Amino acid sequence: MPPGAHGRARVVRDAPRGVGPGALLPRDFFARPAQEVAPGLLGCVIESQAPDGLVAVALTEVEAYAGAADPASHAYRRQTRRTAVMFGAPGHAYVYFTYGMHFCVNLVCLPEGTASAVLLRSGAVIEGVALARQRRLAARRGSRGEPGRRDAPGGQGGGGPGVPGGPGVSGGAGWRAESGGRGLTDRDLARGPARLCQALGVDRSLNGVDMCDPGSPLRIRAAAAPPGSILRGPRVGVSSAASVPWRFWIAGEPAVSDYRAYAPRRRKPSARP
DNA sequence: CACCCGATCGTCT
DNA sequence: GACGATCGGGTGC
């Protein structure tokens, strides 16, 4: 069973009418419910313009969150300081921090005063691959000790996984970086919401930025997914409304999260005497 | 490959 | 005081 096969179903969507490929998506594109916007975002390109360079990612997987109508949404109960951006104007980025170490980014939908958003889950890096890889590796080091060890020579002797001429899904995907790219394939650069943010250099400082502004550090350009390529299924890691099929992805794309049904974590047993 | 677990902290109850 | 819209490393089959 391929990733995300659970509950999959084909989706027919309306292409972003009147928006030529490469143009920034207009704000009114986002002034609709997230579940309508979401499939239209697949194939579109997120551009991150930072001092250290440009990274562009073509979206392959997204999830819709319907605010007040959706128990799984951060905006389900009421507006808080954290979720304020979701209640603002459409076309802006809602960035949140989770698990004490990761960022995730959403695109705000519906007009101001109402909350709805699309979580960007995965993408394929189509520009700035070297920078994206550098950021991913840096984040990896930072999260877990091991500060030293810069490019331990060690050689990748051992019985490396090899995988020389495997049936590459999209050409040469799957090759590892020569130095230090231990196990980090192109496919994994922006696969998963937190990894996507790492690759793009997205953090708290970008919360609220306007994705429709050409001068913004984070922008989104129109592009089409292959016709008939969009599938949908339940959202990942969602504890409520788990059966709502508001996760959308591009069929056959390597850069899509593995499907994991929600499972409550076990709590640390209280060591009481 | 499947499953388990630890890291780590802002947010809400 | 719990618990995530997660990730990555480890273990064990």
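The shown structure was predicted, so the numbers you read here are calculated from the model rather than taken from an experiment. A note on names: the letters A, B, ... follow the listed sequences, proteins ahead of strands, and every chain is numbered from 1.
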*State which of C:dG8, B:dG10, B:dT13 makes the closest approach to the side chain of A:Phe97.*
B:dG10
*Atom CZ of A:Phe103 and atom C1' of B:dT11: how far apart are they, to the nearest Å?*
14 Å
*When you get a sec, tell me which of B:dC12, C:dC7, C:dT6 is the closest nucleotide to the side chain of A:Thr80?*
B:dC12
*Would you indicate, yes or no, if C:dT6 has its OP1 or OP2 atom less than 4.0 angstrom from a side-chain nitrogen or oxygen of A:Arg140?*
no
*asked:* Determine whether the aromatic ring of A:Tyr96 stacks with the base of C:dA5, defined as ring centroids separated by less than 5.5 Å and ring planes inclined by less than 30°.
replied: no
*asked:* Under 4.0 Å, heavy atoms only, any strand: does A:Arg81 hit a base, just the sugar-phosphate, or nothing?
replied: nothing
_On the nucleotide C:dG8, are OP1 or OP2 found under 4.0 Å from the side-chain N or O atoms that A:Arg136 carries?_
yes
*Between atom CD in A:Glu63 and atom C1' in C:dT6, what is the gap in whole Å?*
12 Å
*With no angle test and no hydrogens, is the base of B:dA7 tied to the side chain of A:Tyr99 by a donor-acceptor pair under 3.5 Å?*
no
*Are OP1 or OP2 of B:dG10 and a side-chain N or O of A:Arg204 less than 4.0 angstrom apart?*
no
*Could you state the NE2-P distance from A:His74 to C:dT6, rounded to the nearest angstrom?*
9 Å
*asked:* Just to be sure I understand the rule, does A:Ala194 reach a base, reach only the sugar-phosphate, or reach nothing, if contact means heavy atoms closer than 4.0 Å?
replied: sugar-phosphate
*Would one find a side-chain N or O of A:Thr98 under 4.0 angstrom from OP1 or OP2 of C:dG4?*
no
*Does NZ or CZ of A:Arg204 lie under 6.0 Å from the centre of the six-membered ring of A:Phe97, at an angle within 45° of the ring axis?*
yes
_Rounded to whole Å, how long is the line connecting atom OH of A:Tyr76 with atom P of B:dC12?_
16 Å
*Give me the one residue out of A:Glu61, A:Arg195, A:Arg187 that meets side-chain hydrogen bond (donor to acceptor under 3.5 Å, both in side chains) with A:Ser122.*
A:Glu61
*A:Gln79 CD to B:dC12 P, straight-line distance once rounded to whole Å*: 11 Å
*Return the value, rounded to whole Å, for the distance between atom CZ of A:Arg82 and atom C1' of B:dC12.*
8 Å
*asked:* Less than 4.0 angstrom from a charged side-chain N to a carboxylate O is my criterion; do A:Asp186 and A:Arg133 meet it?
replied: yes
*asked:* In this structure, how many angstroms lie between the P atom of C:dA5 and the CZ atom of A:Arg77, rounded?
replied: 12 Å
*Are A:Arg235 and A:Tyr65 in a cation-pi setup, meaning NZ or CZ lies under 6.0 angstrom from the ring centre and within 45 degrees of the ring axis?*
yes
*Taking only the side-chain heavy atoms of A:Arg78 (C-beta and beyond), determine which of B:dT13, B:dT11, C:dT6 contains the nearest atom.*
B:dT13
*Presence of salt bridge, A:Asp210 and A:Arg219, under 4.0 angstrom*: no
*Whole angstrom value for the distance that separates P of C:dG4 from CG of A:Asn106*: 17 Å
*Tell me the partner of B:dT8, counting only Watson-Crick (N1-N3 plus N6-O4 or O6-N4) or G-U wobble (N1-O2 and O6-N3) with both under 3.5 Å; none if nothing fits.*
none
